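These figures come from a predicted structure and were not determined experimentally.
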Amino acid sequence: MDHSSLIRAAREVRENAYAPYSGFSVGAALLCEDGSVFSGCNVENLSFGLTQCAERVALGSAVAAGNRKIRCLAIIADSEEVLSPCGACRQVLAEFDPALTILAANLHGKVEEFSLGVLLPRAAKGILNKP
């Protein structure tokens with residue numbers, strides 16, 4: 001799957017977001033090593049800390065289907081600048097691939113590509129001292 005197709009999948013699922021409090025809908029599409037794609041959108045909650053980010057919804061779908069080898073994540077929102085995953089999403093994604101490629105896009109056609117390792121260096125170090 002090429003990058004534009006993955007971004008398109010994220011854009012399509014963004015339409016299903018449940019964002020009645022912020023009005024800020026986000027879509028994510030995750031490409032796995034076997035070529036399968038899992039998508040997710042943000043799901044807000046009145047207790048904002050219980051809100052689920054699009055990235056973690058997509059990752060949860062992949063894991064539930066037995067896919068743990070991820071290659072690329074596309075995220076998209078209606079923002080002036082492209083988004084990057086929040087800190088919690090960065091850490092959860094790093095559990096599966098600290099060097100994950102991220103395609104960040106907005107609805108105006110701007111796309112930036114970067115590595116998760118740039119956003120979260122030394123993700124595997126810390127209290128668990130994971131090699």
Side-chain angles (χ1 to χ4, degrees):
M1 171 174 274
D2 63 15
H3 288 176
S4 61
S5 296
L6 194 62
I7 292 168
R8 188 170 36 259
R11 185 182 190 121
E12 289 172 6
V13 74
R14 179 189 163 275
E15 297 300 319
N16 297 328
Y18 179 73
Y21 304 105
S22 71
F24 191 71
S25 299
V26 180
L30 187 67
L31 175 65
C32 294
E33 189 175 81
D34 68 359
S36 57
V37 175
F38 295 89
S39 58
C41 57
N42 56 319
V43 181
E44 291 183 352
N45 188 277
L46 180 61
S47 176
F48 210 67
L50 298 178
T51 292
Q52 298 172 27
C53 296
E55 299 94 313
R56 284 183 275 159
V57 171
L59 180 62
S61 294
V63 171
N67 284 284
R68 293 190 171 102
K69 294 184 179 182
I70 57 177
R71 296 205 122 160
C72 188
L73 171 74
I75 56 174
I76 191 166
D78 187 11
S79 54
E80 186 174 324
E81 294 298 321
V82 299
L83 300 179
S84 64
C86 73
C89 286
R90 293 175 190 190
Q91 189 63 55
V92 171
L93 290 164
E95 181 75 16
F96 295 90
D97 185 356
L100 178 69
T101 297
I102 297 174
L103 303 171
N106 67 16
L107 296 182
H108 313 291
K110 185 173 184 178
V111 179
E112 293 182 18
E113 180 178 335
F114 44 86
S115 168
L116 180 59
V118 170
L119 298 177
L120 188 65
R122 299 176 45 92
K125 300 296 180 188
I127 61 169
L128 300 178
N129 198 24
K130 187 176 165 185

Using a 4.5 Å cut-off on heavy atoms from C-beta on, say whether the side chain of [Y] contacts that of [X].
X	Y	result
D78	N106	no
L46	Y21	yes
V26	L83	yes
S115	T101	no
V63	F96	yes
L30	V37	no

Which distance, rounded to the nearest 0.5 Å, do you find between the [atom1] of [X] and the [atom2] of [Y]?
X	Y	atom1	atom2	result
K69	S36	NZ	OG	12.5 Å
I7	L107	CD1	CG	11.5 Å
R8	H3	CZ	NE2	13.0 Å
C72	I102	SG	CD1	8.5 Å

Margin query: Between V118 and L116, is the side-chain contact (heavy atoms from CB on, under 4.5 Å) condition met? List the steps.
Written below: CA-CA 5 Å; V118 170; L116 180 59; over 6 Å; no
Next item on the list: If a pair satisfies salt bridge (Lys or Arg N to Asp or Glu O under 4.0 Å) and one of its residues is in residues 105-120, list it, with sequence neighbours excluded.
Entry: E81-K110, K110-E112
Check: What residue pairs, at least two apart or across chains, pass salt bridge (Lys or Arg N to Asp or Glu O under 4.0 Å) with a residue in residues 11-39?
Finding: none
Connected via hydrophobic side-chain network under 4.5 Å: [X] and [Y]:
X	Y	answer
V92	L73	yes
L59	L100	yes
I70	L103	no
F24	I75	yes

Provide the closest heavy-atom pair for [X] versus [Y] in the form atom of the first, atom of the second, distance.
X	Y	result
R90	S84	NH2-OG, 3.0 Å
C86	C53	SG-SG, 3.9 Å
A29	L6	CB-O, 3.5 Å
A19	S25	CB-OG, 4.1 Å
A62	C32	CB-SG, 4.1 Å
A105	V111	CB-CG2, 3.9 Å

Next item on the list: For residues 45-58, pull every pair meeting side-chain hydrogen bond (donor to acceptor under 3.5 Å, both in side chains), keeping only residues two or more places apart or in separate chains.
Entry: none
Next item on the list: Quick one: do F114 and L119 satisfy side-chain contact (heavy atoms from CB on, under 4.5 Å)? Show the steps, please.
Entry: CA-CA 8 Å; F114 44 86; L119 298 177; 3.3 Å; yes
